[in-house]
Number of protein chains: 2
Amino acid sequence: MGKNLVGNHIRKLRFNQDEMTQLQLADKAGVTRQTIVALEKGNYSPSLELAFRIAHVFELPLEEVFFYGDNPKQ
Amino acid sequence: MGKNLVGNHIRKLRFNQDEMTQLQLADKAGVTRQTIVALEKGNYSPSLELAFRIAHVFELPLEEVFFYGDNPKQ
DNA sequence: TATTAATGTAAAGTATTATTGACATTAAGT
DNA sequence: ACTTAATGTCAATAATACTTTACATTAATA
């Protein structure tokens with residue numbers, strides 16, 4: 001569906017929260033490290049299901065991890 | 001990624017809010033009617049991007065339209 | 001009863017997301 | 001210098017989301 005309009009704070013959260021590595025996050029979210037890399041780079045937006053799982057790893061509401069457009073919640 | 005673990009309140013919201021038809025919602029969200037049908041039926045979960053767009057049509061936070069697992073927010 | 005709008009269903013094709021495997025780079029520690 | 005952990009990247013494939021087209025059913029209304 002065209003270019004990616006969804007942004008995220010994954011990288012920031014990995015460091016802020018727990019010093020979690022890409023691999024640790026990938027494991028907890030049930031995906032491969034490559035998927036985390038691609039998401040951090042903004043290559044594409046995840047499925048809704050994966051977005052929920054990642055938000056759950058960070059124990060945050062989905063919309064504090066992912067945002068639509070170029071207006072992160074803050 | 002296996003079976004669909006994401007649920008939604010799309011059908012309910014279409015009626016509660018505006019008596020919006022599947023086609024109207026589809027147009028506003030920028031997808032085809034078949035996509036709305038499939039989502040209402042729970043055939044699959046949308047991309048995160050589409051989830052944001054649908055939530056935006058209803059003027060609701062994403063997590064009031066979509067939920068993970070079988071625990072809708074209420 | 002003919003028409004129209006809304007909905008359901010199905011199959012084939014395209015686009016996007018995610019995996020797998022492999023190799024390169026950087027920084028830290030021994 | 002060597003090793004190891006973390007990250008970046010690339011290409012091929014698999015899996016899933018979405019489109020397109022087409023036809024069926026139901027309910028409302030002229």
Side-chain angles (χ1 to χ4, degrees), chain A residues 1-58 60-70 72, chain B residues 1-58 60-70 72:
Chain A
M1 308 178 52
K3 70 193 256 303
N4 181 21
L5 293 174
V6 175
N8 68 73
H9 300 299
I10 293 177
R11 195 175 184 88
K12 216 178 308 171
L13 288 167
R14 271 203 305 120
F15 290 100
N16 288 359
Q17 289 224 345
D18 251 333
E19 287 292 334
M20 210 182 307
T21 68
Q22 291 176 334
L23 183 57
Q24 289 172 325
L25 173 55
D27 287 345
K28 291 187 185 185
V31 291
T32 64
R33 190 175 64 84
Q34 309 308 329
T35 297
I36 302 300
V37 173
L39 292 178
E40 288 191 357
K41 282 189 58 188
N43 284 358
Y44 52 73
S45 64
S47 66
L48 179 56
E49 187 172 335
L50 176 53
F52 270 119
R53 294 207 307 268
I54 291 176
H56 182 254
V57 170
F58 290 123
L60 287 174
L62 190 149
E63 290 179 274
E64 286 184 31
V65 182
F66 299 93
F67 53 91
Y68 188 68
D70 30 311
Chain B
M1 310 180 49
K3 69 192 254 307
N4 181 22
L5 293 173
V6 175
N8 68 73
H9 299 299
I10 293 178
R11 195 174 184 89
K12 217 177 310 172
L13 289 167
R14 273 202 303 120
F15 290 101
N16 289 358
Q17 289 224 345
D18 250 333
E19 288 292 334
M20 209 182 308
T21 68
Q22 291 176 334
L23 183 56
Q24 288 171 326
L25 173 56
D27 287 344
K28 290 188 186 186
V31 291
T32 64
R33 189 175 65 86
Q34 307 310 327
T35 298
I36 302 300
V37 172
L39 293 177
E40 288 191 358
K41 281 189 56 185
N43 284 356
Y44 50 72
S45 63
S47 66
L48 178 56
E49 187 172 334
L50 176 54
F52 270 119
R53 293 208 307 268
I54 291 175
H56 182 255
V57 170
F58 290 124
L60 287 174
L62 189 148
E63 290 180 272
E64 287 184 31
V65 182
F66 299 93
F67 53 91
Y68 189 68
D70 31 312

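Convention: sequence-line order gives letters A, B, ...; per-chain numbering from 1. The shown structure was predicted, so the numbers you read here are calculated from the model rather than taken from an experiment.
- Counting to the nearest Å, the C1' atom of C:dT19 and the CG atom of A:L50 are 13 Å from each other.
- Checking D:dT9, D:dA17, D:dT7 against the side-chain heavy atoms of A:F15 singles out D:dT7 as nearest.
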Legend entry - Base-contact (B) and sugar-phosphate-only (S) positions in nucleotides 20-30 of chain D, heavy-atom cut-off under 4.0 Å, - elsewhere: BBB--------
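- Nucleotide C:dA18 holds its P atom 11 Å from the CG atom of A:L48, rounded to whole Å.
- Note: CG (B:L25) to P (D:dC18) measures 13 Å, nearest angstrom.
- For C:dT16, neither phosphate oxygen OP1 nor OP2 lies less than 4.0 angstrom from any side-chain nitrogen or oxygen of A:S47.
- In terms of phosphate contacts, A:R53 brings no side-chain nitrogen or oxygen within less than 4.0 Å of OP1 or OP2 of C:dA18.
- In this structure, of C:dT17, D:dG8, C:dT7, it is D:dG8 that holds the atom nearest to the side chain of A:E40.
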Inset, instruction - Start with the C-alpha distance between B:N43 and B:V37, add both sets of side-chain angles, then the distance that settles side-chain contact (heavy atoms from CB on, under 4.5 Å), and finish with yes or no. - result: CA-CA 9 Å; B:N43 284 356; B:V37 172; over 6 Å; no
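- Atom-to-atom, CG of B:L23 to C1' of C:dG8 comes out at 14 Å; the value is rounded to the nearest Å.
- A distance-only check finds a donor-acceptor pair linking the side chain of A:N8 to the backbone of A:L39 [under 3.5 Å].
- Checked against salt bridge (charged side-chain N to carboxylate O under 4.0 Å, His left out), A:R11 has the following partners two or more places apart in sequence or in another chain: A:E40.
- Among the nucleotides D:dC18, C:dA6, D:dT7, the one closest to any side-chain atom of B:P46 is D:dC18.
- Comparing the axis of the opening five pairs of the helix from C:dT1-D:dA30 to C:dT30-D:dA1 with that of the closing five pairs yields an angle of 30°, rounded to 10°.
- With rounding to whole Å, B:N8 atom CG is found 13 Å from D:dA17 atom P.
- Residues forming a side chain to side chain contact (heavy atoms under 4.5 Å, CB included) with A:L23 (at least two apart in sequence, or on another chain): A:T21, A:D27, A:R33.
- Results of the side chain to side chain contact (heavy atoms under 4.5 Å, CB included) test with B:V57 over B:M20, B:R14, B:Q24 single out B:M20 as the only residue that passes.
- Separating the OG atom in B:S45 from the CZ atom in B:F66 is a distance of 9.0 Å, to the nearest 0.5 Å.
- Look at NZ on A:K41: it is 17 Å from P on C:dT16, rounded to the nearest Å.
- A:F66 has its CZ atom 12 Å from the P atom of C:dT17, to the nearest Å.
- For the OP1/OP2 pair of C:dG8 and a distance below 4.0 Å, the side-chain nitrogens and oxygens of B:R11 include at least one atom meeting the criterion.
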Legend entry - Derivation and outcome, side-chain contact (heavy atoms from CB on, under 4.5 Å), residues A:K28 and A:I54: CA-CA 8 Å; A:K28 291 187 185 185; A:I54 291 176; over 6 Å; no
Legend entry - A:L62 and B:L48: CA distance, side-chain angles, deciding distance, side-chain contact (heavy atoms from CB on, under 4.5 Å) verdict: CA-CA 10 Å; A:L62 190 149; B:L48 178 56; 3.9 Å; yes
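- When the P atom of D:dT16 is taken as reference, atom CG of B:L5 falls 12 Å away, rounded to whole Å.
- Here the nucleotide nearest the side chain of A:Y44, chosen from C:dT7, D:dA17, C:dA18, is C:dA18.
- Shown here are the ring pair (Phe, Tyr, Trp, His ring centres under 6.0 Å) partners of A:F52, two or more places apart in sequence or in another chain: B:Y68.
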Inset, instruction - Go through A:N16 and A:F58 one step at a time and tell me if the side-chain contact (heavy atoms from CB on, under 4.5 Å) criterion holds. - result: CA-CA 10 Å; A:N16 288 359; A:F58 290 123; over 6 Å; no
